[in-house]
Amino acid sequence: MRPEDVPGLPEGVPERLQSEGIEELYPPQAEAVEAGVTEGESVLASVPTASGKTFIAELAMLSSVQRGGKALYIVPLRALASEKKAEFERWEEFGIDVGVSTGNYESSGEWLSSRDIIVATSEKVDSLIRNNAGWVSDLSCVVADEVHLVNDGHRGPTLEVTLGKLRKINAGLQVVALSATVGNAEEVAEWLDATLVQSEWRPIDLKMGVHYGNAISFDDGSQREVPVGKGGRQTSALVADTLDEDGSSLVFVNSRRNAEAAAKRLKDVTAEYLTGEERSELAELAQEIRDVSDAETSDTLANCVAKGAAFHHAGLASEHRRLVEEAFRARSVKTVSATPTLAAGVNTPSRRVIVRDWQRYDGEFGGMKPLDVLEVHQMMGRAGRPGLDPYGEAVLLAKDSETRDQLFERYVWADAEPVRSKLAAEPALRTHLLATVASGFAHTREGLLEFLDRTLYATQTDEPGRLERVTDTVLRYLEANGFVEMDGDDISATAIGHTVSRLYLDPMSAAEIIDGLRWGADHREEKLRALEGVSDADARRAASDAEEEADESGGFQRASEMVSTGDEEGAESAEPIETDRTYPTALGLFHLVSRTPDMYQLYLKSGDRETYTEECYEREPELLGSVPSEYEDVRFEEWLSALKTARLLEDWTREVDEDRITERYGVGPGDIRGKVETAQWLLGAAERLAGELDLSSAVAVREAKKRVEYGVRDELLDLAGVRGVGRKRARRLFEAGIETRNDLRQADKSVILAALRGRRKTAENVLEAAGRRDPSMDDVDESEADVPEATFERASERTEGGGDDADDPQEQASLGDFG
DNA sequence: ACTATTAATGTATAGACAGCATGTC
DNA sequence: CTATACATTAATAGT
């Protein structure tokens, strides 16, 4: 089938496709068109990765808009939203507007209702439905990308319920579901009332195989000799072998540490193959990576990248990830060792994919658990760059012939598992039942059950009555916590229930927050009294901490870090501002939101149990709730890991350097970012709840939220709110005597200029943002700045350990990252 | 006695969505 | 109840 044979497309589109080089549709695409995707028919396309699934969706959306409709494209990750948007924007010349809506980004300009194609995550769509976004009922076509994710226990139910709601709101809605090849595609298609288009066809051939001994055996019976050499490392040999043919490779491993370790080893392999030009290109990239963050991870990554290897995992800052992905696509980075992040994320094809680890530790399982076939197939599907490679190679590694046979059996020959709905789990139903009631999809128990009956879960349950039972349990929970009211058969959401639903909170999180804030209000006087003594104890502890660190640190670098910490915490004890004025304290609130099911908690390492047990009793007066008994193992442990998370957030708001935080909590820069973002969201929700329930803590919550947002102590809140001023500049200004926004308007310009390290343009922007009448720095003399410059040097040493020669863009990098 | 190699022991384990109101150099 | 890779430390062999 050729583009001009496709019915229903806007005029000019087939010509445009031909100019893009599309002469002939891929077989699955043609099949989808025959099934009527461009004529409003629902279709489930279950085909391998990278075989033109998105194009099927595009055809459907274009034809739907052509008929006067509006399309929604649901993506599984925020990072994919912008990628898809950019892809769809090439249709703008045909009068098609594209908009994006995710938690952190919304298309500016016109309202989404004026857009023809909207790209959003499933959670965002769910949220928009809960908040009655008008355009939702105008939809004529919805695309669900990676629909097999309904199998995911955490996020699957949202996709499932959202699709159900969209179809209920809009009878006759065309559903185009895109899925990897799964075991029960028919069943999924049936659920969606869609025609199934299933195919194993790929635009580039994929050879799957297992490496064992000195050769890879492929599924087509062929063999390729790849001797392991003296190092005995299969991965190194395979990467070198690919490089001999000028190809890149992607290595999937099962932990962050392994990803980093593998990259460190592989850099010695890749270094051999670099040209001089590549070297200098990579050196530049390495510097960019270092500039993203001053954490150790950043340095390690830069060192690897300089030699042509990289690692990729969720502990990296998103900027890091982007740089690595881009460099890999541009082929300057020769190999990337990655955790599964990369298999799910943006498109990063590679000549050869090496699935080194096919088992992963699973705490619940209690050991190493083999990965799902689907997951391994996703990784292997990254092999082969369209138009560049003759074929892709995906290789598993085996140490003995037995494992080799087992791997062939388990992954190479095997079909993917069936997709199974995870909707009947309590946490999922808690959220979705409340939302279903609150947004008026059902107002009786029967109505709820009827709605649930249309989900995938209902079509595949083998345990009749289970859904009904869990529904009743959840309804009782929601009623007991005051989120719904039941009057006979009638169920309605309370005011607070509506709020919780709209805030997109797990009702259990909301309950925890409300309980905590109320508990705080009840114990306010008593706790404030207990806190009187705390600032001294706190100071003593801080001082002894600093000494300890001084003892164990040798060498120049450590010593300088030590100085910075000691000084910084010393400053704190001199001026105990956090614990004596407000209640609840920031730590108390951080702990509260951290023990919520919406916060992914930090893992307690060995020794942490003791550390945080001690910390817990010291800071007990600040915590909003009574400490669980140490004998209640699980509850106590959760309490402690929430405390650890809270301490990380507290450090962040005490202006502790990023690299100190990563070191202290054993996390990466990306994790800090994630925690900060989540805390910001939850504190925002807490503020709303406190306001709605008339709790006096709303002000304290707001301040804690602001402090997390800017990453500063409270005395900098005013300054950090000025555009162009982040935690570092605010601190400098403050130390130079500029303490408020008003000071920025009034103070001597030379002082300000000096605090901003003599950067005139920056200073002007800052002054303008602060509303100063005469922001110009033209008449300010460099020499006048001499005296305050000295003041500033001291200030800089105090907060940053001195010796910080960072350029403006560098300082701002971390700001932008976290802001 | 001292270093190089190896064995024993310890340790840690993937990922990432959402409110609201505006805007980084 | 289940594993594995890496890092660190202790033990052993070799010089």
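Labels below follow one simple rule: chain letters A, B, ... track the order of the sequence lines, proteins then strands, and each chain is numbered from 1. Any value given below was found using the heavy atoms of this structure, including those in side chains, with hydrogens, waters and symmetry copies removed.
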Indicate, with a heavy-atom threshold strictly under 4.0 Å, whether [X] touches base, sugar-phosphate, or nothing.
| X | answer |
| --- | --- |
| A:His154 | base |
| A:Glu375 | base |
| A:Ala685 | nothing |
| A:Leu77 | sugar-phosphate |
| A:Asp152 | base |
| A:Arg356 | sugar-phosphate |
| A:Thr678 | base |

Mind calculating the distance between [atom1] ([X]) and [atom2] ([N]) to the nearest angstrom?
| X | N | atom1 | atom2 | result |
| --- | --- | --- | --- | --- |
| A:Arg759 | B:dT24 | CZ | P | 19 Å |
| A:Leu397 | C:dA5 | CG | C1' | 14 Å |
| A:Arg673 | B:dG15 | CZ | P | 14 Å |
| A:Asn258 | C:dT4 | CG | C1' | 8 Å |
| A:Leu316 | B:dA16 | CG | P | 11 Å |
| A:Leu682 | B:dC17 | CG | C1' | 12 Å |
| A:Leu602 | B:dG15 | CG | P | 13 Å |
| A:Lys264 | C:dA5 | NZ | P | 17 Å |

Side-chain donor/acceptor of [X] to backbone N/O of [Y], under 3.5 Å:
| X | Y | answer |
| --- | --- | --- |
| A:Glu260 | A:Thr300 | no |
| A:Thr494 | A:Gly497 | yes |
| A:Ser439 | A:Ala435 | yes |
| A:His377 | A:Leu374 | no |

Taking 4.0 Å as the cut-off, does a side-chain nitrogen or oxygen of [X] come that near to OP1 or OP2 on [N]?
| X | N | result |
| --- | --- | --- |
| A:Arg360 | C:dT2 | no |
| A:Thr121 | B:dA18 | yes |
| A:Arg155 | B:dG15 | no |
| A:Arg502 | B:dG19 | no |
| A:Arg265 | C:dC6 | yes |
| A:Arg702 | B:dA21 | no |
| A:Ser122 | B:dC17 | no |
| A:Thr102 | B:dC17 | no |
| A:Lys399 | C:dA5 | yes |
| A:Lys124 | B:dG19 | yes |

Polar pairs (N or O, both sides) under 3.5 Å between protein and nucleotides 5-13 of chain B?
| residue | atom | partner | partner atom | Å |
| --- | --- | --- | --- | --- |
| B:dA12 | OP2 | A:Ser606 | N | 3.4 |

- Task: Report the C-alpha separation of A:Val712 and A:Lys706 in whole Å, then their side-chain angles, then the decisive distance to 0.1 Å, and conclude whether the side chain to side chain contact (heavy atoms under 4.5 Å, CB included) test is met.
- Result: CA-CA 9 Å; A:Val712 295; A:Lys706 282 281 173 205; over 6 Å; no
- Taking the six-membered ring for Trp, does A:Trp681 stack with B:dA18 (centroid gap under 5.5 Å, planes within less than 30°)?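 So A:Trp681 counts as stacking on the base.
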Return the nearest nucleotide to the side chain of [X]; candidates are [options].
| X | options | value |
| --- | --- | --- |
| A:Arg723 | B:dT24, B:dA18, B:dG15 | B:dT24 |
| A:Gln359 | B:dC25, C:dT4, B:dA18 | C:dT4 |
| A:Arg78 | C:dA5, B:dA14, B:dC17 | B:dC17 |
| A:Lys705 | B:dA18, B:dC20, B:dC25 | B:dC20 |
| A:Asn131 | B:dC20, B:dA18, B:dA16 | B:dC20 |

- Task: Give a yes-or-no answer on whether the side chains of A:Thr596 and A:Asp598 include a donor-acceptor pair shorter than 3.5 Å.
- Result: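 Looking only at side-chain atoms, A:Asp598 and A:Thr596 do not form any donor-acceptor pair under 3.5 Å.
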- A:Thr499 and A:Glu692: side-chain donor and acceptor closer than 3.5 Å?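 Yes, A:Glu692 and A:Thr499 have a side-chain donor paired with an acceptor closer than 3.5 Å.
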- Message: Do A:Arg233 and A:Arg265 have side chains that approach each other closer than 4.5 Å (heavy atoms only, starting at C-beta)?
- Response: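 Side-chain contact under 4.5 Å: yes.
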- Message: When both hydrogen-bonding distances must be under 3.5 Å and the geometry is Watson-Crick or G-U wobble, what is B:dA14 paired with, if anything?
- Response: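 Pair assignment: B:dA14 / none.
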- Message: Checking base pairs now: Watson-Crick or wobble, both atom distances under 3.5 Å. What partners B:dG23?
- Response: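 Matched B:dG23 with nothing under the 3.5 Å cut-off.
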- Begin from the C-alpha positions of A:Val500 and A:Leu689 and carry the test side chain to side chain contact (heavy atoms under 4.5 Å, CB included) through to its verdict. CA-CA 8 Å; A:Val500 170; A:Leu689 290 172; 4.2 Å; yes
- Item | Closest-nucleotide 5' rank along DNA chain B - winner of A:Ser101 and A:Pro340 |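 It is A:Pro340 whose nearest nucleotide is closer to the 5' end.
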- Item | Cation-aromatic face contact A:Arg410/A:Trp358, 6.0 Å, 45 degrees |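 Cation-pi check for A:Arg410 and A:Trp358: fails.
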